[in-house]
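Everything numeric in this text was worked out from a predicted model, so none of it was measured. Values reported hereafter were calculated over all heavy atoms of this structure, with side chains retained and with hydrogens, waters and symmetry mates removed.
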Protein chains: 2
Amino acid sequence: MDFKEAKNKFVQTWGALGSQWGINKTMAQIHALLMVSHEPISMEDIMEELQISRGNASMNLRALMDWGIVYKEYKAGERKEFFTAEKDLDELAVKISRERSKREIKPALKVLKEVSAIESDGTAAEKHFVDQTSKLYDFVLKADNVLDKMTEYKDNWLAKLVVKIMR
Amino acid sequence: MDFKEAKNKFVQTWGALGSQWGINKTMAQIHALLMVSHEPISMEDIMEELQISRGNASMNLRALMDWGIVYKEYKAGERKEFFTAEKDLDELAVKISRERSKREIKPALKVLKEVSAIESDGTAAEKHFVDQTSKLYDFVLKADNVLDKMTEYKDNWLAKLVVKIMR
DNA sequence: ACAAACTTTCATTTTTTTTTGAAAGTTTAA
DNA sequence: TTAAACTTTCAAAAAAAAATGAAAGTTTGT
């Protein structure tokens, strides 16, 4: 396998993995491409490499920047914009965790809190509902806190976690 | 908010959350419904409650059983099948972790290993590719191991993790 | 062996998500 | 201020994913 094949395989795999985790394929592919690129890439080159339209590239780059994991760069003397990905994996994981927590977990917690707060009329069905949603609330809250705490280490958090867990 | 509203809100929210994590909406909704149900439900009732077709219900119940988080039950004297969800949240998290690891993380690791093993010709581009994919391999492997170790506790793993992390 | 009571399958349809590309918008340089 | 070089937007098209429902399959009781 040569470089080109390997790069392609990586980009395709990352794209497929993204889909399975609710991230659109192109977005994941652009991210993959930027991750393994040693220098900033222009939109033109991304379009060319991934065979996608200008609109598609523009929208997904914007989304990646909203996630805080891709940055715009300007090259002296060049008019067009270049893009780079966050390459530090600890930092990447922290940013993804933070965003997913903010966008998805926090709103879910809010709903869990609401629905678990209904006045149960004492029937088994209602009692079980309140009990189960309360437990779920506690569980998700705890998980969210753990994630938050872990990523607070920021530097090398996974390595530190390994030490804590494994001993 | 009364019971019916609360239950509906929970099911809808769980469904939407599922979509964002790459799980189809109906599958997540069925799971939500079974989670908060104090007794096993028949396919007929699931179809009625979620307003979905027989085929849809059948396929998604099968998928949930493949994930090991929904079980078939037989009631004495009844011909039809009833379904329950795994209600222990620790167990649920363990099963989801194991499946996602098996289905998605392990195959991704295999690809990362492959592509990071190319013979670099020494150019900056290739060196960076090998370096970055190697780091990614290490990172994902470590994360997968942590997950595995954590879920090995099986009982109350999240609570135990909280203790470890927070102190 | 039959038929009633169910469940599963899968070709087709529907819905949802993603992509396209051309027009509108922006920035920069002369 | 004009125009070239670029980027963004968004309505329409395409692609992908999910849902339908009827036919095929299975199980159980008589």
Side-chain angles (χ1 to χ4, degrees), chain A residues 11-34 40-67 70-85 103-104, chain B residues 11-34 40-67 70-84 100 103-104:
Chain A
V11 169
Q12 294 306 321
T13 304
W14 213 237
L17 203 62
S19 303
Q20 292 176 304
W21 285 83
I23 287 142
N24 108 33
K25 197 184 68 181
T26 304
M27 188 169 152
Q29 286 182 341
I30 294 177
H31 182 246
L33 187 61
L34 293 174
I41 319 187
S42 68
M43 207 163 88
E44 208 69 41
D45 288 347
I46 292 171
M47 288 163 55
E48 163 66 23
E49 183 102 19
L50 301 178
Q51 291 294 307
I52 58 174
S53 70
R54 189 171 297 285
N56 198 3
S58 175
M59 291 182 106
N60 283 114
L61 280 165
R62 137 101 28 231
L64 284 164
M65 289 190 297
D66 289 347
W67 276 75
V70 160
Y71 315 113
K72 238 183 217 174
E73 294 207 352
Y74 298 94
K75 277 196 192 169
E78 291 257 27
R79 189 111 164 225
K80 64 181 159 217
E81 300 165 339
F82 291 79
F83 300 89
T84 352
R103 294 176 196 212
E104 295 147 22
Chain B
V11 170
Q12 294 306 321
T13 304
W14 214 238
L17 203 61
S19 302
Q20 292 177 304
W21 285 82
I23 288 142
N24 105 36
K25 197 184 68 180
T26 302
M27 187 170 154
Q29 286 181 342
I30 295 177
H31 182 246
L33 187 61
L34 294 174
I41 318 186
S42 68
M43 208 164 87
E44 207 68 43
D45 288 347
I46 292 171
M47 286 163 57
E48 163 66 22
E49 182 102 19
L50 300 180
Q51 291 293 308
I52 57 174
S53 71
R54 190 172 296 286
N56 197 4
S58 175
M59 291 182 105
N60 283 114
L61 280 165
R62 138 101 27 235
L64 284 163
M65 290 190 297
D66 288 348
W67 275 74
V70 160
Y71 314 114
K72 239 183 218 175
E73 294 208 351
Y74 298 94
K75 278 195 191 171
E78 291 256 29
R79 190 116 163 218
K80 63 180 161 221
E81 300 165 339
F82 291 79
F83 300 90
T84 352
R100 290 220 120 166
R103 295 177 194 211
E104 294 147 22

Got more than 12 heavy atoms from elsewhere within 6.0 Å of CZ, B/Arg103?
yes
- Item | B/Glu48 atom CD: more than 12 heavy-atom contacts under 6.0 Å | no
Closest contact, heavy atoms only, [X] versus [Y]:
| X | Y | answer |
| --- | --- | --- |
| A/Gln20 | B/Arg100 | O-NH2, 2.9 Å |
| A/Gly15 | A/Ala28 | CA-CB, 3.8 Å |
| A/Phe82 | A/Pro40 | CB-CB, 3.6 Å |
| A/Ala57 | A/Met43 | CB-CG, 3.9 Å |
| B/Phe83 | B/Leu34 | O-CD2, 3.4 Å |
| B/Met65 | B/Val70 | CG-O, 3.2 Å |

Measure the distance from [atom1] on [X] to [atom2] on [N] and round it to the nearest whole Å.
| X | N | atom1 | atom2 | value |
| --- | --- | --- | --- | --- |
| A/Tyr74 | D/dT7 | OH | C1' | 10 Å |
| A/Ile41 | D/dT7 | CD1 | P | 14 Å |
| A/Asn60 | D/dT9 | CG | P | 13 Å |
| B/Arg62 | D/dA19 | CZ | C1' | 18 Å |
| A/Phe83 | D/dC6 | CZ | P | 13 Å |
| A/Lys75 | D/dC6 | NZ | C1' | 16 Å |
| B/Leu61 | C/dT9 | CG | C1' | 15 Å |
| B/Leu64 | C/dT8 | CG | C1' | 16 Å |

Expected string for nucleotides 20-28 of chain D under the B/S/- scheme (protein heavy atoms, under 4.0 Å, primed atoms plus P, OP1, OP2 as sugar-phosphate) is BB-----BB
- [ ] Using a cut-off of strictly less than 4.0 Å, decide whether B/Lys72 has a side-chain nitrogen or oxygen near OP1 or OP2 of C/dT8.
- [x] yes
Salt bridge (Lys or Arg N to Asp or Glu O under 4.0 Å) filter on A/Glu81, not counting sequence neighbours, yields A/Lys72
So, with a heavy-atom separation below 4.0 Å from DNA chain D, the residues of residues 16-31 of chain B are B/Asn24, B/Thr26
